[in-house]
Amino acid sequence: PYVPVSLVLIIFLVILLLALLAGYFEFRREIEEKEGDTVRREVRTEVKSAIKRIEKRDSDLRREIVRLYNSFCRVIEEHGIKLEKSWTAREIVIVITGLIPVLPREAVEKLTGLFELALYSNYPLSEQHRVLALNALNKILSVLDVRGEVYS
């Protein structure tokens, strides 16, 4: 059977185009995965530092919680996401959990509530608040260490 050269050429070009598209999407997936690993490593480092500081009984819990929130914002902005000044803590949490979807929602919400309490109120933070913060941070840390991928 005779196959026109133009048909063979069109089929070849379609296959080549599909292969290029598949390679492009695989490349993008790998870049996004590496970017996610970098964000997870940086967040893990911030969480570990916050745990060490908050564990000190003489540390200013209010200041440490606000510092942690600001460090999360810095990490996000370093990865190309522009945070608007008008965004609330809850809106920024949506961005963080979008970047690292494995973060335990309850722990992140607990930290967000503590941040709002620390920044927007004069309510005294007690040792109970310190325990809540440490529990939430340790849950986040354990999730970031999952799958044997302990980030240094």
Just verifying a value: how many Å separate [X] [atom1] and [Y] [atom2], rounded to the nearest 0.5 Å?
X	Y	atom1	atom2	result
Leu61	His129	CG	NE2	8.5 Å
Leu114	Arg130	CG	CZ	11.5 Å
Leu125	Asp60	CG	CG	8.5 Å

In this structure, would [X] and [Y] fall into the same cluster of hydrophobic residues linked by side-chain contacts under 4.5 Å?
X	Y	value
Val8	Ile15	yes
Val131	Ile140	no
Leu21	Leu13	no
Trp87	Phe115	yes

| request: Taking the side chain as every heavy atom from C-beta outward, state whether Leu141 and Lys48 have any pair of such atoms under 4.5 Å apart. | output: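 Side chain of Leu141 against side chain of Lys48, heavy atoms only: contact under 4.5 Å found.
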| request: Report yes if the side chains of Leu111 and Leu137 come closer than 4.5 Å at any heavy-atom pair, otherwise no. | output: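 Side chain of Leu111 against side chain of Leu137, heavy atoms only: contact under 4.5 Å found.
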With [X] via salt bridge (Lys or Arg N to Asp or Glu O under 4.0 Å) - residues at least two apart:
X	answer
Lys110	none
Glu55	none
Glu84	none
Glu77	none

| So does Glu106 have more than 12 non-hydrogen atoms from other groups sitting under 6.0 Å from CD? |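 Counting neighbours around CD of Glu106, 12 or fewer heavy atoms of other residues, nucleotides or ligands fall under 6.0 Å, so no.
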| message | Using the side chain to side chain contact (heavy atoms under 4.5 Å, CB included) criterion, which residues pair with Gln128? Sequence neighbours excluded. | response |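 Listed in chain order: Ser126.
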| said: Holding to side chain to side chain contact (heavy atoms under 4.5 Å, CB included), I want the full list of residues that pass it with Pro124, two or more places apart in sequence or in another chain. | reply: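 In terms of side chain to side chain contact (heavy atoms under 4.5 Å, CB included), with neighbours along the sequence ignored, Pro124 is linked to no residue.
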| said: Filter on side-chain hydrogen bond (donor to acceptor under 3.5 Å, both in side chains), then keep only pairs touching residues 112-122, sequence neighbours left out; what's left? | reply: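 Found Arg90-Glu116.
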| Who else is in the cluster with Ile10 when I, L, V, M, F, W and Y are joined by side-chain contacts under 4.5 Å? |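 Members besides Ile10, by chain and number: Val14, Leu18.
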Under 3.5 Å, sequence neighbours excluded: what are the donor-acceptor pairs made by side chains of residues 66-75?
residue	atom	partner	partner atom	Å
Arg67	NH1	Glu64	OE1	3.4
Asn70	ND2	Val66	O	3.3
Ser71	OG	Glu46	OE1	3.2
Ser71	OG	Leu68	O	2.7
Arg74	NH1	Glu78	OE1	3.4
Arg74	NH1	Glu78	OE2	3.1
Arg74	NH2	Glu46	OE2	2.5

Solution key, residues 91-103 side-chain donor-acceptor pairs under 3.5 Å, sequence neighbours excluded:
residue	atom	partner	partner atom	Å
Glu91	OE1	Thr88	N	2.7
Thr97	OG1	Val93	O	2.9
Thr97	OG1	Ile94	O	3.1

| field | Shortest non-hydrogen contact between Leu134 and Ile51, atoms and distance | value |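 Result for this residue pair: CD2-O, 3.9 Å.
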| said: Which heavy atom of Arg62 sits nearest to which heavy atom of Ala118, and what is that distance? | reply: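 Result for this residue pair: NH1-O, 2.8 Å.
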| task | Write out all pairs satisfying ring pair (Phe, Tyr, Trp, His ring centres under 6.0 Å) with one or both partners inside residues 93-113, taking only residues at least two apart or from two chains. | result |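 Residue pairs with at least one partner in residues 93-113: there are none.
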| task | Kindly state each residue pair satisfying salt bridge (charged side-chain N to carboxylate O under 4.0 Å, His left out) with at least one member in residues 15-24, sequence neighbours excluded. | result |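 Counting only pairs at least two positions apart or across chains, no salt bridge (charged side-chain N to carboxylate O under 4.0 Å, His left out) contact touches residues 15-24.
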